[in-house]
Amino acid sequence: MTFDFTVVTANAHLLWQGFLITLYYTVITIAAGLLIGLVIGLILLSPFRPLVWLGRVYVEFFRNIPLLVIVLWTYYALPIFSGVNITKGWAGFLALSFYVGSFYAEILRAGVQSIDPGQTDASTALGMSYGQRMRRIILPQAFRRMVPPLAGQSIIQMKNTTLLSMITVPDLLYQGSYISCFTYRPIEIYTAIGLIFVIILVESRNGHGTRKGNTQAPRHLPALRQGRGAAWRRSFRRPG
Amino acid sequence: MLRGVDLSVAQGEVVVIIGGSGSGKTSLLRCINLLNTPSSGSIVIDSETLFDVDRNGTDRAGLKSAQINRIRAQTGMVFQQFNLFPHMTALQNVMEAPVTVKRQNKQDVEKQARELLGQMGLEQHVDKRPAQLSGGQQQRVAIARALAMEPKVMLFDEPTSALDPELVGEVLKAMVALARSGMTMVVVTHELGFALEIADRVIFIDQGLIAADGPPQQVLLHPEHLRLKQFVGRFHETADLLRPFLEGKARHHELRSME
């Protein structure tokens with residue numbers, strides 16, 4: 001058996017279109033998921049029991065149902081139950097956002113609860129309200145601890161966007177299966193798609209330097225030391 | 001567990017609370033600014049009622065959390081573990097509450113914060129983070145942070161218990177200066193020497209009740225209550241054991257220079 005990787009370069013424009021779709025859904029579902037995660041996470045942390053209970057139901061619901069089921073259900077079943085017709089793009093967006101939001105919410109909850117209760121004591125004793133404590137004292141510290149798990153979940157999220165191909169959103173994987181339909185070269189195509197994911201995700205991780213214990217590039221690589229990672233980390237410091 | 005405590009502290013008075021572990025002395029302190037919520041009773045600071053719940057659990061004060069926060073801001077608290085905000089510099093720690101809670105002008109607050117840190121002998125360290133400071137320095141930043149809110153009363157919860165022995169002196173010194181400036185203070189501490197030196201009143205808490213209340217000489221040197229005798233006795237025993245050693249070192253000890 002011989003491999004012919006020219007099918008990849010010959011159909012690069014299709015893969016590129018698919019890649020842009022994948023990137024698009026990765027970015028918008030992570031952004032929406034972070035927003036959902038923030039809201040649900042704060043609900044999980046609220047002192048009102050019934051609210052916490054609702055938050056838990058949300059989290060357990062979306063965390064424990066396979067994403068593929070959520071995606072298919074949102075696209076095929078939700079319109080029947082609700083009577084509202086939604087496009088595949090909206091269905092995919094909603095399913096992916098609500099799914100990753102449940103994980104982000106748990107990351108936020110765990111991050112906040114890992115902060116020493118003494119911080120709450122001190123800020124409360126100074127007369128700060130719940131909102132002021134969260135905004136000024138607890139969340140800035142919790143966010144720093146949340147970066148590694150958030151990055152990990154976001155990597156999984158990018159890979160999860162491939163499930164959109166099941167509802168015919170033309171993402172990278174969908175384009176791949178389309179190309180292999182007329183080239184009869186699935187091995188080459190899927191290998192290339194796998195490599196694209198590896199390259200993008202490894203690159204994004206290196207660029208941000210969020211790996212534990214390796215936040216500082218080695219001395220002999222000054223280019224990396226001054227790279228995006230440093231600027232990104234600086235952006236977390238409070239000005240003034 | 002407190003089981004009914006009546007305590008009133010006059011303006012400018014320095015009250016030291018002593019007692020064994022689990023006796024309720026920290027609970028009492030944390031009830032004063034409602035960090036712990038009592039099951040019933042009342043708390044009044046400067047004739048403002050902060051808390052008033054009768055034995056049936058009826059809330060007679062009915063304060064909203066915003067009102068509680070406002071009254072709370074008039075009390076300053078210093079913790080055993082310092083509890084500085086680690087993501088802020090010493091200066092930012094001190095400025096945080098006046099800017100966020102009182103919405104005061106940032107320039108004025110910074111000037112006042114630098115002054116307070118200066119009084120604590122920390123001019124060199126204003127731009128350092130808590131992690132870059134020693135325990136004694138951190139605790140002095142914490143005192144400055146509480147003072148920045150211009151509190152009517154300062155609450156100290158074992159402020160020197162987490163410190164290395166050689167750093168205790170610098171914190172006690174700052175507290176002595178504060179007491180002499182006329183600040184009302186309620187101090188939970190194991191530093192009986194400090195209590196003897198500066199307290200107007202010493203209160204001994206045992207099993208959730210005030211077991212002794214009086215001038216420091218009377219409570220610490222001539223204890224009548226049996227449990228207090230045992231408690232103070234242990235202190236005297238340790239002091240006796242350590243005396244030859246302490247006297248040798250005393251010349252260098254900062255406590256001596258306080259007077």
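Every heavy atom of this structure was used, including side-chain atoms; hydrogens, water molecules and symmetry mates were not. As the structure is a prediction and not an experimental result, all values here were calculated from the model. Each chain gets a letter, A, B and so on, in the order its sequence line appears, and its residues count up from 1.
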So which part of [X] gets closer than 4.5 Å to some heavy atom of chain A, the side chain, the backbone, both or neither?
X: B/S65; result: neither
X: B/F79; result: side chain
X: B/L84; result: backbone
X: B/R70; result: neither

Check your understanding: Is chain B contacted by the side chain of A/S123, its backbone, both, or neither, given a heavy-atom distance below 4.5 Å?
Key -> both
For the candidates [options], which exhibits the highest count of non-hydrogen atom pairs separated by less than 4.5 Å from chain A?
options: B/R145, B/Q81, B/M77, B/M149; answer: B/R145
options: B/L35, B/N33, B/L34; answer: B/L35
options: B/A142, B/P151, B/P86, B/A66; answer: B/P86

As an exercise, state the distance from [atom1] of [X] to [atom2] of [Y], rounded to the nearest 0.5 Å.
X: A/I155; Y: A/L150; atom1: CD1; atom2: CG; value: 11.5 Å
X: A/M158; Y: A/F197; atom1: CE; atom2: CZ; value: 5.5 Å
X: A/L23; Y: A/I21; atom1: CG; atom2: CD1; value: 10.0 Å
X: A/M166; Y: A/L68; atom1: CE; atom2: CG; value: 5.5 Å

**Study point:** Residue-level interface, residues 108-119 of chain A with chain B, non-hydrogen cut-off under 4.5 Å
**Key:** A/D116, A/G118, A/Q119
Review point. Is a side-chain N or O of B/H125 found less than 3.5 angstrom from the main chain of B/Q138, in a donor-acceptor match?
Key: no
Review point. Any donor-acceptor pair under 3.5 Å linking the side chain of B/D164 with the backbone of B/E166?
Key: no
[X] atom [atom1], neighbour heavy-atom count above 12 within 6.0 Å:
X: A/W90; atom1: CH2; result: no
X: A/N64; atom1: CG; result: yes
X: B/R3; atom1: CZ; result: yes

**Study point:** Pair listing, ring pair (Phe, Tyr, Trp, His ring centres under 6.0 Å) test, anchored in residues 29-59 of chain A, at least two apart
**Key:** A/Y58-A/F62
